[in-house]
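So you know, we letter chains A, B, ... as the sequences are listed, proteins then strands, and number each from 1. Computed from heavy atoms alone, side chains included, the values below leave out hydrogens, waters and symmetry copies.
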There are 2 protein chains.
Amino acid sequence: MLSAVRAAFWDKGYAGTSLDDLLTATGLGKGSLYGAFGDKQSLFLRVLREYDEANDRMLRGWLERADRGIDVIRDFVTGSLLDPSGEQARRGCLLANTAMELSASAAEVAAEARRSYAATTAVLAEAVRRAQREGDVASRLDPDVTARAVLAGQLGLVVLGRIGQDPAALSAMAEALLAGLLPSS
Amino acid sequence: MLSAVRAAFWDKGYAGTSLDDLLTATGLGKGSLYGAFGDKQSLFLRVLREYDEANDRMLRGWLERADRGIDVIRDFVTGSLLDPSGEQARRGCLLANTAMELSASAAEVAAEARRSYAATTAVLAEAVRRAQREGDVASRLDPDVTARAVLAGQLGLVVLGRIGQDPAALSAMAEALLAGLLPSS
DNA sequence: GGTGTTATGGACCAATCAGTCAATAACTGG
DNA sequence: CCAGTTATTGACTGATTGGTCCATAACACC
């Protein structure tokens, strides 16, 4: 139910998704949707927060189950690039897409983005520390700063993926970012 | 005249800018604006293309006048972060902002973004080559791949700047990106 | 099976959207 | 000074927006 709403906002953006789009996506009537979720903005914020939480849980799960810390970072950066058709890269990231659209006008969205990226940075920094203990990443690096730089690089890939940059170029960029930001010595 | 339109689209996004906003910004009447620039989409594309061309000219000018190639790359990455209030960072980049909003629905915008980023990459790659000749950047790096990685990192900083990440953290990220992607040896 | 409660749908609303057009004002060259 | 052209304006349109509301349908409980 909410996943249909999420897909609509994801592909069309917030302003670009009309109430009619949401009704079609959910199959609900107008009154039902308002009774269940409130107005458009409330529904959007709810979907966005659940998306962020799901991503955070996923990343933490990766870190728990991964053989090595560096694998988590690698998967984080290359994750959306694996689809050879580039379709997944074109969708971008619901949070990044809508944060760019709305941060200037909706303070709650900007705050949610900061909160979510802080959580992501914390997990990435933990992965960097683990990778350092495991000898895969130079110990001279500051884990927090490195984690933030990795996040910035990944976000740049999201932007370039969304505009339809070809997957091969995106993968080459990802490799260059990983090699540069996570030197083994 | 067009710069007022650019400011409106920049801050509010495409869908978020109404015709009334444009009339207020320009001081024109409705018919005048239509007579001069056509419909909203044409006006937007014109403003976007001029913005891209101005950025391209500016970057090429930097490269011509810079003492060292690496200075150009450094300025490119840290350029919008210098404003200590973070206000400039919050505005983001007209191209990045609107490309994220519209790439999925307006193929022309996505194509314009690809074109513009390809031009930027070409100048950055030239700067990398020059920095390699000048001994500031390791010659083992592939200039094209490095340029693309720098672009991705800068775009990530734009995203994080737009959501209101604090300027100190942005600067730290920029330094980490530059240090990692442009090693001197 | 009847009754009180909740969920549903779609008619309806005011506001706003992008875009048109004809009347008018401001220029232009002669 | 005037005729012809161009530029400007704001009222107007039809479509669409987000949101309300009430009649009705489905349901649960006794």
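Here ring pair (Phe, Tyr, Trp, His ring centres under 6.0 Å) pairs that include residues 4-23 of chain B, with residues two or more places apart or in two chains, are B:F9-B:Y14, B:F9-B:F44, B:W10-B:Y51, B:Y14-B:F44. The ring pair (Phe, Tyr, Trp, His ring centres under 6.0 Å) analysis of residues 87-136 of chain A, with sequence neighbours excluded, yields no pairs. Applying the side chain to side chain donor-acceptor pair (under 3.5 Å) test to residues at least two apart or on different chains, none of the pairs has a partner in residues 151-174 of chain B. Residues in residues 59-73 of chain B take part in these side chain to side chain donor-acceptor pair (under 3.5 Å) pairs, two or more places apart or across chains: B:D56-B:R60, B:R68-B:D136.
Considering only residues two or more places apart in sequence or on other chains, B:R91 meets the salt bridge (charged side-chain N to carboxylate O under 4.0 Å, His left out) condition with B:D11. A:R74 is linked by a side chain to side chain contact (heavy atoms under 4.5 Å, CB included) to A:T78, A:E175, A:L178, counting only residues two or more places apart in sequence or in another chain. Partners of B:D20 under the salt bridge (charged side-chain N to carboxylate O under 4.0 Å, His left out) rule, at least two apart in sequence or in another chain, do not exist in this structure. Contacts of A:D142 classified as salt bridge (charged side-chain N to carboxylate O under 4.0 Å, His left out), with partners at least two apart in sequence or in another chain: none.
For A:I163 against B:A99, the heavy-atom pair with the smallest separation is CG2-CB, 3.8 Å. Across all their heavy atoms, A:L95 and A:S116 have their closest contact at CD2-OG, 3.5 Å.
Using a 4.5 Å heavy-atom threshold, the side chains of B:D52 and B:L48 count as touching. Side-chain contact between A:R114 and A:S103: absent, with no pair of heavy atoms (C-beta onward) separated by less than 4.5 Å.
Whole-Å rounding puts the A:L43 CG to D:dG19 P distance at 10 Å. In this entry the distance linking CG of B:L23 with P of D:dA11 reads 13 Å, nearest Å. Remark: P of D:dT20 and CG of A:L19 are 10 Å apart, rounded to the nearest angstrom. Rounded to whole angstrom, the span from the CG atom of A:L22 across to the P atom of D:dG19 amounts to 10 Å.
Taking the 5' to 3' direction, DNA chain C first and last meets chain B under 4.0 angstrom from a heavy atom at C:dC17 to C:dC21.
Taking five base pairs at each end of the helix from C:dG1-D:dC30 to C:dC27-D:dG4 and finding the rotation axis that steps the C1' atoms of four pairs onto the next four gives two axes whose angle is 10°, to the nearest 10°.
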Polar pairs (N or O, both sides) under 3.5 Å between protein and nucleotides 24-26 of chain D?
none

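Remark: the backbone N or O of A:L141 is paired with a side-chain donor or acceptor of A:Q132 at under 3.5 angstrom.
If you check residues 27-37 of chain B against DNA chain D, the residues with a heavy atom closer than 4.0 Å are B:L28, B:G29, B:K30, B:G31, B:S32, listed by number.
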